[in-house]
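So the structure is just underneath, and the comments pick up after that.
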Amino acid sequence: MNKVRTRFAPSPTGYLHIGGLRTALYAYLLAKQASGDFILRIEDTDQDRYVEGATEFIYRTLRLCGLDYDEGPDVGGDYGPYIQSERRSIYREYIDKLINLGEAYPCFCTKERLDELRAKAAESKTAYVYDRHCRHLSKEEAAEKMASGIPYVVRQKMPTTGQTTFDDAVYGQITVDNSVLEDGILLKSDGLPTYNFANVVDDHLMNITHVIRGSEYLSSTPKYNLLYQAFGWEIPTYVHVSQIMRSPGKKLSKRDGDASFSDFYNKGYLKEAILNYIALLGWSPGTDEEFFTLEELAERFSISGISKSDAIFDPAKLRWMNGEYIRKLSFAEFHEMAIPYYKQAIQREDVNLEVLSRMLHTRTEVLSDIPEQLDFVDTLPDYNVDLYVHKKMKSSVDTSREYLPQAWGVLGEIEPKDWNEEVIHEKLLGLANSLSVKNGQVLWPVRVALSGKPVSPGGAIELATLLGKEETLARIDFGMEKLSVAPASI
RNA sequence: GGCCCCAUGGUCAAGCGGUUAAGACACCGCCCUUUCACGGCGGUAACGCGGGUUCGAGUCCCGCUGGGGUCACCA
């Protein structure tokens, strides 16, 4: 039994799409559960698409996610180089072999000729297929042209009859008529291979046992099988995975704004939550469990749990799952992660950040939600008196007008050194009790006066504790003033 | 359009010939409660359609419909 070796082979386009990350994750899991190797290979044969810094970005992101690769451009390995543009001579060698085998041929057709063909096809409303013009050149003719320096590409010589069948570990057996296969380009005129050639050569040379990739490659897989057969190479296990869609019919894409891992990560999503969520998008453990660490995933992952149909990315569920991960954080962990967001939201120096964290820990699903929840801390937002009206709390403008000053009174009695949650709680509830009114009738107006918002990440007592005596009394003062000029009753 | 693939609630999904068709998110209601959130309890909601095969089909086969992919000197 060969050691399992999988690879993730992204193009350096500058960002890591959620779907791509999932493919990487599956490849990683498949390798790790079999104690195999996970390899990173950079597919940069399209020099036009090269983006500066993109490879480093891929290294960083994979490491950040914990998808450590055993071999790759920056870690080395026995099968390098791991960047395709550095493997030029290797492809040349194998393309020559293929030509000698009679399985490929040089093609000297110009761009113009091809465009003409395409135009003609469009005109007659038939599908464009390369007419195999150069396939019939004699060896001598071809050699002569090659020698004379005419630019050329190398095309795969497809069988024109028969069928090609391949097995996919998730989709099963797939058969296509060879007649639908085109004499595709294997080597471009710039001397670099197309994906269609490079992936086969590299996967073989790197001893890849399981090829995990998106289902968009399903229809070109027969061509790859033909290549493996031409060389007499062992065909790897194919594991094609469905796509992740943004909404029915819409592929998740960079254009839509938030499809990349870093977008979520930078917004305050935890990497563990993102990985956990995408692992479940297209794979099921077959049980009810849905929280897994990377290690647990490696243990539990199975090809049989991979689903064939496309999955729609549900931001709401990711959000929920992220919230679950945040709640599972220890208080100290949460506090540390939240601090940068506090700094962003609050200028005042006198607020106790730990009090904030106690309030926010269960109220935060995504870290970047924090600033908005705290927008009342520095300055009291302007608000309308009808905020004092709350049916369930039995609070109205009238009751608020009556109880707010009393609350001000009992709070004012507290010595600054005793200003803490316990004492405030005692004072405020004591007031409601002595007045024989519902707690809410006292607490609601206080909460409103302190926050100026319909909802706040804490009640009257917590907000008073957070804001301090001076600010609390000042805000209540302001509220009383507002109420005094309000129309009779609402 | 040709070829290939897919098809269980709004979403992710379990199911692999016999089930009251799980579970989760979202949504709704109730409870807890100083608002909200957390937490607890409950609810609405699905096998695309039509033929077969079978004693019996969400599960197997065929057709249809719908969706996706692919037909580049991109991967």
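Predicted model, so just to flag it, every value in this text is computed and none were measured.
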* Asked: In Å, rounded to the nearest 0.5 Å, how long is the span from CE of A:Met337 to CG of A:Leu367?
  ->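 Interatomic distance, A:Met337 CE to A:Leu367 CG, rounded to 0.5 Å: 5.5 Å.
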
Rounded to whole angstrom, note down the [atom1] distance from [N] over to [M].
| N | M | atom1 | answer |
| --- | --- | --- | --- |
| B:rC47 | B:rU8 | P | 11 Å |
| B:rG67 | B:rU11 | C1' | 16 Å |
| B:rU44 | B:rG50 | C1' | 30 Å |
| B:rG58 | B:rC49 | P | 11 Å |
| B:rA26 | B:rC32 | C1' | 23 Å |
| B:rG43 | B:rU34 | C1' | 29 Å |
| B:rC5 | B:rA57 | C1' | 24 Å |
| B:rU65 | B:rG23 | P | 36 Å |

Rounded to the nearest Å, what distance is computed from the [atom1] atom of residue [X] to the [atom2] atom of nucleotide [N]?
| X | N | atom1 | atom2 | result |
| --- | --- | --- | --- | --- |
| A:Leu181 | B:rU70 | CG | P | 16 Å |
| A:Ile150 | B:rC73 | CD1 | C1' | 17 Å |
| A:Phe313 | B:rU11 | CZ | C1' | 12 Å |
| A:Ile312 | B:rU8 | CD1 | P | 10 Å |
| A:Tyr130 | B:rC73 | OH | P | 11 Å |
| A:Met321 | B:rU11 | CE | C1' | 14 Å |
| A:Lys223 | B:rC71 | NZ | P | 7 Å |
| A:Leu318 | B:rA13 | CG | P | 14 Å |

At under 4.0 Å between heavy atoms, what does [X] touch on the DNA or RNA strands: base, sugar-phosphate, or nothing?
| X | value |
| --- | --- |
| A:Ser307 | sugar-phosphate |
| A:Tyr217 | base |
| A:Asn196 | base |
| A:Thr287 | nothing |
| A:Thr175 | sugar-phosphate |

Picking from [options], which would you name as closest to the side chain of [X]?
| X | options | value |
| --- | --- | --- |
| A:Val176 | B:rA13, B:rC3, B:rC74 | B:rC3 |
| A:Ile174 | B:rA75, B:rC5, B:rG68 | B:rC5 |
| A:Ser309 | B:rC74, B:rA13, B:rC6 | B:rC6 |
| A:Ser11 | B:rA72, B:rC12, B:rA75 | B:rA75 |

* Using the six-membered ring wherever Trp is involved, compare the ring planes of A:Tyr152 and A:Phe108 and label them parallel, tilted or perpendicular (cut-offs 30° and 60°). =>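 Taking A:Phe108 first and then A:Tyr152, their aromatic rings sit tilted (interplane angle of 30° to 60°).
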
* To do: Can you label the angle between the A:Tyr238 ring and the A:Tyr228 ring as parallel, tilted or perpendicular, going by 30° and 60°?
  =>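 Perpendicular: the ring planes of A:Tyr238 and A:Tyr228 meet at over 60°.
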
What pairs with [X] under salt bridge (Lys or Arg N to Asp or Glu O under 4.0 Å), at least two apart in sequence or on another chain?
| X | answer |
| --- | --- |
| A:Lys188 | none |
| A:Lys482 | A:Asp382 |
| A:Arg475 | A:Glu471 |

* Residue whose closest nucleotide on RNA chain B lies nearer the 5' end, A:Tyr152 versus A:Arg22 ->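 Result: A:Arg22.
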
* Toward the 5' end of RNA chain B, which comes first, A:Thr110 or A:Leu280, by nearest nucleotide? ->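 The answer here is A:Leu280.
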
Table please: side-chain donor-acceptor pairs of residues 448-467 of chain A below 3.5 Å, with sequence neighbours left out.
| unit_1 | atom_1 | unit_2 | atom_2 | d |
| --- | --- | --- | --- | --- |
| A:Ser451 | OG | A:Arg447 | O | 2.9 |
| A:Ser451 | OG | A:Arg447 | NH1 | 3.4 |
| A:Ser451 | OG | A:Lys453 | N | 3.1 |
| A:Ser451 | OG | A:Lys453 | O | 3.4 |
| A:Lys453 | NZ | A:Glu372 | O | 3.2 |
| A:Lys453 | NZ | A:Asp375 | OD1 | 2.8 |
| A:Ser456 | OG | A:Arg447 | NH1 | 2.7 |
| A:Ser456 | OG | A:Gly458 | O | 2.8 |
| A:Glu462 | OE1 | A:Gly459 | N | 2.9 |
| A:Thr465 | OG1 | A:Ile461 | O | 2.6 |

* To do: Please evaluate the base of B:rC71 for a donor-acceptor partner in the side chain of A:Ser219 within a cut-off of under 3.5 Å?
  =>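 No.
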
Base paired to [N] (Watson-Crick or G-U; both N/O distances under 3.5 angstrom):
| N | answer |
| --- | --- |
| B:rA24 | B:rU11 |
| B:rC3 | B:rG69 |
| B:rU53 | none |
| B:rC30 | B:rG40 |

* **Stacked cation flag A:Arg155 on A:Tyr130, 6.0 angstrom / 45 deg** =>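 Yes, a cation-pi geometry holds between A:Arg155 and A:Tyr130.
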
* To do: Going 5' to 3' through nucleotides 26-38 of chain B, assign each nucleotide B (protein heavy atom under 4.0 Å from a base atom), S (under 4.0 Å only from sugar-phosphate atoms) or - (no protein heavy atom that close).
  => -------BBBBBS

* Asked: Hey, is the side chain of A:Lys188 poking within less than 4.0 Å of OP1 or OP2 on B:rA75, counting only N and O atoms?
  ->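 The answer is yes; a side-chain N or O of A:Lys188 sits under 4.0 Å from OP1 or OP2.
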
* Asked: Is any side-chain N or O of A:Ser242 closer than 4.0 Å to OP1 or OP2 of B:rC5?
  ->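 For B:rC5, OP1/OP2 do not have a side-chain N/O of A:Ser242 under 4.0 Å.
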
* Asked: Mind checking whether A:Tyr269 and A:Tyr325 have ring centres under 6.0 Å apart?
  ->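 No: the rings miss the under 6.0 Å criterion.
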
* Test side chain to side chain contact (heavy atoms under 4.5 Å, CB included) applied to A:Ala316 - qualifying residues, sequence neighbours left out ->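 For A:Ala316 the side chain to side chain contact (heavy atoms under 4.5 Å, CB included) partners, ignoring immediate neighbours, are A:Asp314.
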
